[in-house]
Undergrad: 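Handing you a structure now.
Only this structure's heavy atoms are used, side chains among them; waters, hydrogens and symmetry mates stay out.
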Amino acid sequence: MIQIAVCDDACQVCEALRQQIAVFCAKNGVSVRIHCYEDPVALYHETTRFDLVYLDIQMPCLDGMTLAKHIRSQNPDCILVFITVLKEYSLEAFAVEAMDYICKPVDPARLEHSLTRALGQIQKQNEMSIFVQTAHWCKVIKLHEIYYCEVINRKIYLHTREGVLEYYGKLKEIEQQLDARFFKCHRSYLVNLDYLK
């Protein structure tokens with residue numbers, strides 16, 4: 001289930017976007033849950049981890065750029081798309097790594113193109129994972145959730161968003177399961193470059 005948020009202080013715009021997204025996803029067989037927020041402060045305090053967020057920029061109490069920075073700090077993998085009448089903020093969108101910037105009034109074809117790109121990216125993130133098995137447990141771990149791997153003696157420690165997983169194994173074995181985003185900076189460490197600053 002893909003979690004999508006739409007945040008716009010104009011309730012008609014919010015509802016229209018929700019309907020367009022729902023129709024597109026249903027037509028393409030994508031299971032989604034869409035949350036609408038007319039109050040940006042409510043989204044700021046929301047604890048749900050969204051896969052995709054559509055944001056207006058000019059809103060009362062809290063502007064979309066500030067909200068986007070907060071979302072990005074809490075959820076680095078969230079895809080951000082701005083939908084606004086303000087063309088002058090398009091360069092600022094790069095600072096929060098927004099995937100798209102759509103000007104109002106929203107052209108349905110433009111929104112569909114944006115959705116296609118975003119859903120493709122989410123699917124790609126969800127597909128890439130490793131399988132870890134020990135005598136007592138087994139777990140599928142998505143690659144984008146791993147910060148880094150380290151080996152101490154014969155134990156591997158996977159440092160992830162959910163905490164540290166430890167099990168017996170060889171770094172060479174896990175290295176073969178990872179992709180190009182992981183860099184072996186030391187004989188005992190594999191670092192996810194996506195988290196380097």
Undergrad: What are the two closest non-hydrogen atoms of Leu143 and Phe182, and how far apart are they?
TA: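 Nearest heavy atoms, Leu143 then Phe182: O-CZ, 3.7 Å.
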Undergrad: What are the two closest non-hydrogen atoms of Arg117 and Asp100, and how far apart are they?
TA: NH1-OD2, 3.9 Å
Undergrad: As an exercise, state the distance from SG of Cys61 to CG of Leu67, rounded to the nearest 0.5 Å.
TA: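 Taking SG in Cys61 and CG in Leu67, the distance rounds to 12.0 Å.
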Undergrad: Heavy-atom distance under 4.5 Å between the side chains of Ile2 and Leu119, does that happen here?
TA: yes
Undergrad: Is there a chain of hydrophobic side chains (I, L, V, M, F, W, Y, each step under 4.5 Å between heavy atoms) that links Val85 to Val6?
TA: no
Undergrad: When rounded to the nearest 0.5 angstrom, what is the spacing between CE in Met65 and CE in Met59?
TA: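 Between Met65 CE and Met59 CE, I get 10.5 Å after rounding to 0.5 Å.
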Undergrad: For side-chain contact (heavy atoms from CB on, under 4.5 Å), just list the numbers for Met128 and Asp179, CA-CA rounded to whole Å, side-chain angles, deciding distance to a tenth of an Å, and then say yes or no.
TA: CA-CA 9 Å; Met128 301 172 85; Asp179 61 15; 2.7 Å; yes
Undergrad: Heavy-atom count check: over 12 atoms from other residues, nucleotides or ligands less than 6.0 Å from Phe131 CZ?
TA: yes
Undergrad: Applying salt bridge (charged side-chain N to carboxylate O under 4.0 Å, His left out) to Arg18 and Glu15, what does each step give before you reach the verdict?
TA: CA-CA 5 Å; Arg18 189 197 66 74; Glu15 181 56 26; 2.7 Å; yes
Undergrad: If you look at every heavy atom in Ala68 and Leu55, which pair is closest and at what distance?
TA: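 Taking Ala68 first and Leu55 second, the nearest heavy atoms are CB-CD1, 3.8 Å.
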Undergrad: Not counting sequence neighbours, list each pair that qualifies as a salt bridge (charged side-chain N to carboxylate O under 4.0 Å, His left out) and has a residue in residues 130-152.
TA: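 Matches after skipping sequence neighbours: none remain.
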Undergrad: Whether the Arg181 and Asn192 side chains hold a donor-acceptor pair (N or O, under 3.5 Å, no angle test) is what I'd like checked.
TA: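 No - no donor-acceptor pair under 3.5 Å links their side chains.
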Undergrad: Between atom SG of Cys36 and atom CD1 of Ile21, what is the distance when rounded to the nearest 0.5 Å?
TA: 7.5 Å
Undergrad: Indicate yes or no: at least one non-hydrogen side-chain atom of Val106 is less than 4.5 angstrom from one of Ile83.
TA: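 Yes; the side chains approach each other to less than 4.5 Å.
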Undergrad: For Tyr37 and Glu46, which I'm curious about, is there any donor-acceptor pair between the side chains at under 3.5 Å?
TA: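 Yes, because at least one side-chain N or O of Tyr37 sits under 3.5 Å from a partner of the opposite role on Glu46.
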Undergrad: Side chain of Thr116, backbone of Glu112: donor and acceptor closer than 3.5 Å?
TA: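 Pair found, side chain donor or acceptor close to backbone of Glu112.
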Undergrad: Kindly give the heavy-atom pair with the smallest separation between Pro76 and Arg72, and that separation in Å.
TA: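 Looks like O-NH1, 3.0 Å.
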Undergrad: Side chains of Val191 and Leu196: closer than 4.5 Å at any heavy-atom pair?
TA: yes
Undergrad: Listing request: all salt bridge (charged side-chain N to carboxylate O under 4.0 Å, His left out) pairs with a residue in residues 56-65, at least two apart in sequence or in separate chains.
TA: Asp56-Lys104
Undergrad: As an exercise, state the distance from OH of Tyr44 to CG of Leu62, rounded to the nearest 0.5 Å.
TA: 7.5 Å
Undergrad: Should Ile152 and Ser188 be marked as a side-chain contact (heavy atoms from CB on, under 4.5 Å) after you check the CA-CA gap, both sets of side-chain angles, and the distance that decides it?
TA: CA-CA 7 Å; Ile152 300 172; Ser188 299; over 6 Å; no
Undergrad: If you define the side chain from C-beta out and look only at heavy atoms, does anything of Ile146 sit under 4.5 Å from Ile141?
TA: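 A side-chain contact exists here, since the closest heavy-atom pair is under 4.5 Å.
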Undergrad: What pairs with Gln74 under side-chain contact (heavy atoms from CB on, under 4.5 Å), at least two apart in sequence or on another chain?
TA: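 For Gln74, the residues satisfying side-chain contact (heavy atoms from CB on, under 4.5 Å) (neighbours in sequence not counted) are His70.
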Undergrad: List in chain and number order the residues that pass side-chain hydrogen bond (donor to acceptor under 3.5 Å, both in side chains) with Lys184, two or more places apart in sequence or in another chain; answer none if no residue qualifies.
TA: none
Undergrad: Could you tell me which non-hydrogen atom of Leu80 sits nearest to which non-hydrogen atom of Val96, and how far apart they are?
TA: CD1-O, 3.7 Å
Undergrad: Please report the interatomic distance CD(Glu97) to NZ(Lys69), rounded to the nearest 0.5 Å.
TA: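 Rounded to the nearest 0.5 Å, the CD-NZ separation comes to 12.5 Å.
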Undergrad: Give the cluster check for Leu178 versus Val132: same hydrophobic cluster or not, with ILVMFWY residues linked at side-chain heavy-atom distances below 4.5 Å.
TA: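 Same hydrophobic cluster.
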Undergrad: According to a hydrophobic-cluster definition based on side-chain heavy atoms being under 4.5 Å apart (Ile, Leu, Val, Met, Phe, Trp, Tyr only), do Tyr147 and Ile130 belong together?
TA: no
Undergrad: Examine Val41 and Phe50 and state if one hydrophobic cluster contains both, with Ile, Leu, Val, Met, Phe, Trp and Tyr joined whenever side-chain heavy atoms are less than 4.5 Å apart.
TA: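 Same hydrophobic cluster.
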Undergrad: Can you check whether Leu190 reaches Phe183 side chain to side chain, under 4.5 Å on heavy atoms?
TA: no
Undergrad: What is the distance from atom SG of Cys7 to atom CG of Leu43, rounded to the nearest 0.5 Å?
TA: 5.0 Å
Undergrad: Compare all side-chain heavy atoms of Asp51 with those of Ile4 and state whether any distance is below 4.5 angstrom.
TA: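 No, every pair of side-chain atoms sits at 4.5 Å or beyond.
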Undergrad: Around Gln177, counting heavy atoms of other residues, nucleotides and ligands shown, do more than 12 lie under 6.0 Å from its CD?
TA: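 Atom CD in Gln177 is crowded, with more than 12 foreign heavy atoms closer than 6.0 Å.
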Undergrad: Can you hop from Ile102 to Phe82 via hydrophobic side chains spaced under 4.5 Å?
TA: no
Undergrad: Heavy atoms, side chains only, cut-off 4.5 Å: are Asp107 and Leu111 in contact?
TA: no
Undergrad: Parallel, tilted or perpendicular, judged at 30° and 60°: which one describes the rings of Tyr148 and His159?
TA: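 Parallel.
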Undergrad: Can you give each donor-acceptor pair under 3.5 Å made by side-chain atoms of residues 24-35, sequence neighbours left out, with the distance rounded to 0.1 Å?
TA:
from: Asn28; atom 1: ND2; to: Phe24; atom 2: O; distance (Å): 2.7
from: His35; atom 1: NE2; to: Gln3; atom 2: OE1; distance (Å): 2.8

Undergrad: Hey, does Thr84 have a side-chain heavy atom less than 4.5 Å from the side chain of Tyr101?
TA: yes
Undergrad: List the atom of Lys170, the atom of Ile156, and the distance in Å for their closest heavy-atom pair.
TA: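 The pair with the smallest heavy-atom distance is O-CD1, 3.3 Å.
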Undergrad: By side-chain contact (heavy atoms from CB on, under 4.5 Å), which residues pair with Ala118, not counting sequence neighbours?
TA: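 Partners of Ala118 by the side-chain contact (heavy atoms from CB on, under 4.5 Å) criterion, ordered by chain and then number, come out as Leu52, Ile79, Met99.
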